[in-house]
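Worksheet: the structure to be examined is printed underneath.
For ligands, and for the atoms within them, numbers begin at 1 and follow the listed sequence. As the structure is a prediction and not an experimental result, all values here were calculated from the model.
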Amino acid sequence: MKYIIAPSIVASDHLRLKEEIAACKAASADWLHVDVMDGHYVSNITMGPFLVETYKRATDMPLDVHLMIEKPERYLEAFAQSGASRLTVHVETCPHLHRTLQQIRDLGVKPGVTLNPGTPAALLKEILPMVDLVLVMTVNPGFGAQAFLPEMLTKITEIRQMLDTIGSPAWLEVDGGVSEKTLPALIKAGATAFVAGNAVFKHPNGIDAGVKVLKNVMHAA
Ligand code: DX5
Ligand code: ZN
């Protein structure tokens, strides 16, 4: 089974951005996870298309862009032009989810969909065949370094079954509190892509060690 590690760049030291992104690549991380927060949908503000474009110039790793913003349809084109490889929208922010996912694909970008901890998997049923990725939030969105919510393991298993039932190759990604400790249960529940902020960028032995520890757990799974 191919598993993906996506370091969450919002946890990096932005004064050493180029070195830290290069260190992720050198440690064979797979994607760069980019958390876009607007201060409205979540009570934190991070970045816009300008910074995504900057990351794009720093690496050839695919940019896995997580949109925690209200009315994301307003910014799809700008993020597509800034170099996003995937755009993941929250079900809770898209009253016209089917159209929004189609718009992302029409821009030549891979569409992803994500659910807050309080949102049931059932909301995915109609659009599941359209997506390249489903992201299950394992913390309430808005901040890194929060405690992992173990009650999300049931929802991950449920979505794994939904994807297998329709024969979908979509990635099942998890985000929030992913670490050496929480990874075995997440893999057992059926997740295949893992966002890691603190576990990588704040590892006491550095980024390389942070990625390697997670990769070792995956290989042992
Ligand atoms: C939270 C973000 C996450 C977060 C992950 O809203 O979507 O990507 O930065 O950070 P850790 O791995 O430290 O929980
Ligand atoms: Zn995220």
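Protein heavy atom at the shortest distance from atom 3 (C) of ligand 1 is Asp175 OD1, 2.9 Å. For atom 14 (O) of ligand 1, the closest heavy atom belonging to the protein is Gly177 N, 2.9 Å. With hydrogens left out, the protein atom closest to atom 10 (O) of ligand 1 is Gly144 CA, 3.6 Å, a heavy atom. The protein non-hydrogen atom at the shortest distance from atom 12 (O) of ligand 1 is Gly197 N, 2.8 Å. Of the protein's non-hydrogen atoms, the one nearest atom 1 (C) of ligand 1 is Phe143 O, 3.4 Å.
Close to ligand 1: Met137, with a non-hydrogen atom less than 4.0 angstrom away. No heavy atom of Ala11 sits closer than 4.0 Å to any atom of ligand 1.
Taking every heavy atom of Val195 and a limit of under 4.0 angstrom, the matching atoms of ligand 1 come to 8 (O). Taking every heavy atom of Asn198 and a limit of under 4.0 angstrom, the matching atoms of ligand 1 come to 11 (P), 12 (O), 13 (O). Close approach of ligand 1 to Val10 is summarised as follows: ligand atoms under 4.0 Å from at least one heavy atom of the residue are 9 (O). Near Ala145, the atoms of ligand 1 lying under 4.0 angstrom from a non-hydrogen atom of the residue are 11 (P), 13 (O), 14 (O). Listed by number with element, the atoms of ligand 1 under 4.0 angstrom from any heavy atom of Pro141 are 6 (O). With ligand atoms numbered from 1 in the order given, ligand 1 contributes 14 (O) to contacts under 4.0 Å with heavy atoms of Gly176. Listed by number with element, the atoms of ligand 1 under 4.0 Å from a non-hydrogen atom of His33 are 8 (O). Listed by number with element, the atoms of ligand 1 under 4.0 angstrom from any heavy atom of Met68 are 6 (O), 7 (O).
Atom CZ of Arg99 has 12 or fewer neighbouring heavy atoms from other residues, nucleotides or ligands inside a 6.0 Å radius. In Phe148, the CZ atom is crowded: over 12 heavy atoms of neighbouring residues, nucleotides or ligands sit closer than 6.0 Å. In the displayed structure, Glu19 atom CD is contacted under 6.0 Å by more than 12 heavy atoms of other residues, nucleotides or ligands. For Glu77, the CD atom is loosely surrounded, since the number of other residues' heavy atoms within 6.0 Å does not exceed 12.
Atoms OD1 of Asp35 and ND1 of His66, as seen from the Zn ion (ligand 2), are separated by an angle of 90°, to the nearest 10°. Angle NE2 (His33) to the Zn ion (ligand 2) to OD2 (Asp175): 100°, rounded to 10°.
Put simply, the residue from Asp64, Leu87, Leu133, Asp132 that forms a side-chain contact (heavy atoms from CB on, under 4.5 Å) with Lys110 is Asp132. Asp30 pairs with exactly one of Arg86, Lys215, Lys25 by the salt bridge (charged side-chain N to carboxylate O under 4.0 Å, His left out) rule, that one being Lys215.
No donor-acceptor pair closer than 3.5 Å links the side chain of Ser168 to the backbone N or O of Pro129. Checking side-chain atoms of Gln146 against main-chain N and O of Gly176 turns up no donor-acceptor pair under 3.5 Å.
Note: His66 and His33 have tilted aromatic rings, judged against thresholds of 30 and 60 degrees for the angle between ring planes.
Separating the CD1 atom in Ile45 from the NE2 atom in His40 is a distance of 7.0 Å, to the nearest 0.5 Å. The line from CE of Met68 to CG of Asp35 is 3.5 Å long, rounded to the nearest 0.5 Å.
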Note to self: Set out, in order, the CA-CA distance, both residues' side-chain angles and the distance that settles side-chain contact (heavy atoms from CB on, under 4.5 Å) for Met130 and His98, then state yes or no.
What the structure shows: CA-CA 8 Å; Met130 298 177 74; His98 187 284; 3.4 Å; yes
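Between Asn140 and ligand 1, a contact under 3.5 Å exists for no N or O pair.
Evaluated by nearest non-hydrogen atom to atom 6 (O) of ligand 1, the leading choice among Ala199, Gly142, Ser8, Ala196 is Gly142.
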